[in-house]
Amino acid sequence: WVSMSTAPLFKNGQARPYACVTTFVDITERRRFMDDLRYQAFHDGLTGLPNRLLFVDRLDHVLAQRPRGERRMAVLFMDLDDFKRVNDRFGHAAGDTVLRVTGARLRASLRSGDTPARLGGDEFAVLLEEVASAEDAVRSADRIQRALQEPVDLETGPVSVGVSCGVAVGLLGRSRPDDLMSEADTAMYAAKRDRSRFRGSDAQVPLRREGQRHLQQRAPEVREARPS
């Protein structure tokens, strides 16, 4: 990158310049520094995923769209179960490895238009920009959960962590970002608090206006945000 500035030269009070001096300055390092600052402001330093600030910005952008007809999207909140046990038993370096691997797996399990994020600590989020229904969002959450629950290889051996997931389904142009994030957060903690609700072959999660779906053990808690 180069910065260019030009200054006119005048002689004896003439109104028109007789020459110009152009100066070129290499600002590549400065531009790289500014780009790095901008990246750090919107991304998590450990996983490289978008942080909460960028996640909310993209959520705002998606919900601001005004499509013809009803188009659904979904927000997923995820929390790593027993992550504190990994830190306490194997150390914070091992915990960081689990978080980095989780971030990489989360990114790899999504479509190109969807947004993964690390919200902080052991909490992650996903913005699914378009889903056909609440059931479609549940299927995506199931797939992501399976990917994240695969063992992580540490120096001391493989370690596995569970994933509690909450899903909030909204409508483009009608749902509010704060409502969706609150719904997803509440649903996630409900799933974490009451895992037994999703055990057994007869476990079901009510999906308003979408009927009911038979879910596997430890399936995500699902909520549909009321359109504003």
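Each residue takes its place number in the sequence, starting with 1.
Under a hydrophobic clustering in which Ile, Leu, Val, Met, Phe, Trp and Tyr are joined whenever their side-chain heavy atoms come within less than 4.5 Å, directly or via other members, L46 and V126 fall into the same cluster. Grouping the Ile, Leu, Val, Met, Phe, Trp and Tyr side chains by contacts below 4.5 angstrom, directly or via other members, places L54 apart from L106.
Taking 4.5 Å as the limit, some side-chain heavy atom of M73 sits within range of a side-chain heavy atom of L127. Residues S109 and R143 form a side-chain contact, since some pair of their non-hydrogen atoms from C-beta on lies under 4.5 Å apart. Using a 4.5 Å heavy-atom cutoff, the side chains of K192 and M78 are not in contact. For the pair L63 and P177, the minimum side-chain heavy-atom distance is below 4.5 Å. Residues D82 and V86 have side chains not in contact (no heavy-atom distance under 4.5 Å, counting atoms from C-beta outward). Residues C165 and M188 fail the side-chain proximity criterion, which asks for heavy atoms closer than 4.5 Å. Looking only at side-chain heavy atoms (C-beta outward), T115 and P50 come within less than 4.5 Å of each other. Between R52 and V56, the closest side-chain pair of non-hydrogen atoms falls below 4.5 Å.
Q145 contributes a side-chain N or O that, together with a main-chain N or O of V163, makes up a donor-acceptor pair within less than 3.5 Å. Side-chain N or O atoms of R111 include one that pairs as donor or acceptor with a backbone N or O of E130 at under 3.5 Å. Remark: side-chain polar atoms of D44 are paired, donor with acceptor, to backbone N or O of T47 under 3.5 angstrom.
A salt bridge is defined here as a Lys NZ or Arg NE, NH1 or NH2 lying under 4.0 Å from an Asp or Glu carboxylate O, and R118 with E123 fails to meet this definition. A salt bridge links R174 with E70: at least one charged nitrogen is closer than 4.0 Å to a carboxylate oxygen. In this structure, R146 does not pair ionically with D142, as no charged nitrogen and carboxylate oxygen lie closer than 4.0 Å.
The CZ atom of F55 sits 10.5 Å away from the CG atom of D60 when rounded to the nearest 0.5 Å. Separating the CG atom in D114 from the CZ atom in R58 is a distance of 11.0 Å, to the nearest 0.5 Å. Distance check: D26 CG to S3 OG gives 10.0 Å after rounding to the nearest 0.5 Å. Rounded to the nearest 0.5 Å, atoms OG1 (T102) and CD1 (I144) are 12.5 Å apart. Annotation: the span from L53 atom CG to F42 atom CZ amounts to 5.0 Å, rounded to 0.5 Å. Rounding to the nearest 0.5 angstrom, the gap separating the CZ atom in F77 from the CD atom in E183 is 11.0 Å.
Between A117 and N51, the closest heavy-atom pair is CB-O, 4.3 Å. Nearest approach of D153 to P158, heavy atoms of both residues: OD1-CB, 3.8 Å. Here the shortest heavy-atom pairing between D136 and V131 reads OD2-CA, 3.4 Å. Nearest heavy-atom pair, E150 versus R105, reported as atom, atom and distance to 0.1 Å: O-NH1, 2.7 Å. The shortest heavy-atom contact between V161 and D81 is CB-O, 3.6 Å. Closest of all the heavy-atom pairs between L80 and D122 is O-OD2, 3.0 Å.
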*Take F90 and V159 through the test side chain to side chain contact (heavy atoms under 4.5 Å, CB included) and record every step on the way to the result.*
CA-CA 10 Å; F90 302 107; V159 63; 4.1 Å; yes

*Report the C-alpha separation of T23 and M4 in whole Å, then their side-chain angles, then the decisive distance to 0.1 Å, and conclude whether the side chain to side chain contact (heavy atoms under 4.5 Å, CB included) test is met.*
CA-CA 6 Å; T23 304; M4 182 184 72; over 6 Å; no

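Counted by atom type alone, S164 and D79 present zero donor-acceptor pairs between their side chains at under 3.5 Å.
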Side-chain donor/acceptor pairs under 3.5 Å, residues 94-101, sequence neighbours excluded:
| residue | atom | partner | partner atom | Å |
| --- | --- | --- | --- | --- |
| T97 | OG1 | A93 | O | 3.1 |

